[in-house]
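Following: one structure in structure tokens, then a few remarks.
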Amino acid sequence: MIGRVEKYLLEKIESEGSIHITLIDPEKVTPPQASRIATKANLSGTSAIMVGGSTFTSSTHLDHVVKAIKRTVKIPVILFPNNVTGITRYADAIWFMSLLNSVDPYFLMGAQVLGAPLVKKHRLEPIPMGYIIVGEGGTAGIVGRAVPVPYNKPELAAAHALAGQYLGMRFIYLEAGSGAKKPVSPEMIHVVKHYIDIPLIVGGGIRSRSQALAAASAGADIIVTGNVVENNEVKQKVSEIVEGIRQGKM
Ligand code: 1GP
């Protein structure tokens, strides 16, 4: 069953080619800061807000952050959990994700088993997604005990992505890690995109218009940026990245 948020994302991708999502790490912001970032990002053309980080945030703080965002913007708020503690009832949807290249069964299926009843109870829309850590992998790679796919092994990333699709996941996320020095390469995006028939999300280390343009023209359907909104130039940075994405699709 495809829910309202997933339908919205698919329609946006269909009409715009590629879209941008802004990631807010609840650990790095106060609720008012989160709502300011969301408002500015929304005005600059971002299509949804993701909330999540790689380390622990108190659930009360997460509740407040998501509530503050929901009060200010109409675009969907999607949880991007690193664990069961990343769930709050106040969001619209949750990436119901499995870290496909983790060696730890907890991140493949354990956390999901613990979290599923809570997702149901809170009536969050689950969007099944296969998460693949690439290159440096950052904190997400360490916390998730991933064996990162090397940058120069696109066919390996494609094999993971295809396995995710065959298992029924409806989105694939190539993650270079928040703040990565090198984003996922356009070559890898290109190869993975040609293997799979489901939308491809790319994030980690994308900071400029040209990097966004390269990712979009290589085939990324959704481009996620987090770090660039953690300073004071949210509007300018998001506009620049959204512009790059649109150009990449022309
Ligand atoms: C991290 O892919 C996201 O999970 C975004 O990365 O913070 O580097 O934009 P950045």
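Excluded from the calculations below are hydrogen atoms, water molecules and symmetry mates; all remaining heavy atoms, backbone and side chain alike, are included. Each ligand, and each atom within it, is numbered from 1 in the order the structure gives. Everything numeric here is computed off the predicted structure, so don't read it as measured data. Nothing fancy with the numbering, it's 1 onward along the sequence.
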From Ile241 CD1 over to Gln236 CD, what is the distance, rounded to the nearest 0.5 angstrom? 10.5 Å

Does the Lys NZ or Arg CZ of Lys67 fall within the cation-pi geometry relative to Tyr90 - under 6.0 Å from the ring centre and within 45° of the axis? yes

Quick check on ligand 1: any N or O pairs to the protein under 3.5 Å? One line per pair.
unit_1	atom_1	unit_2	atom_2	d
ligand 1	2 (O)	Tyr173	OH	2.8
ligand 1	2 (O)	Glu175	OE1	3.1
ligand 1	2 (O)	Glu175	OE2	2.8
ligand 1	2 (O)	Gly204	N	3.0
ligand 1	4 (O)	Glu175	OE1	2.5
ligand 1	6 (O)	Gly204	N	3.3
ligand 1	7 (O)	Ser178	OG	2.7
ligand 1	7 (O)	Asn227	N	2.8
ligand 1	8 (O)	Gly179	N	2.7
ligand 1	8 (O)	Gly205	N	2.8
ligand 1	9 (O)	Gly226	N	2.7
ligand 1	9 (O)	Asn227	N	3.4

Carboxylate-amine/guanidinium contact Glu243 Arg209, below 4.0 Å: yes

State plainly whether the residues Lys12 and Glu16 are in salt-bridge range, i.e. N to O under 4.0 Å. yes

In terms of relative ring orientation, are Phe80 and Tyr173 parallel, tilted or perpendicular, with 30° and 60° separating the classes? parallel

Count the heavy atoms of every other residue, nucleotide or ligand shown that sit under 6.0 Å from OH of Tyr106, and state whether that count exceeds 12. yes

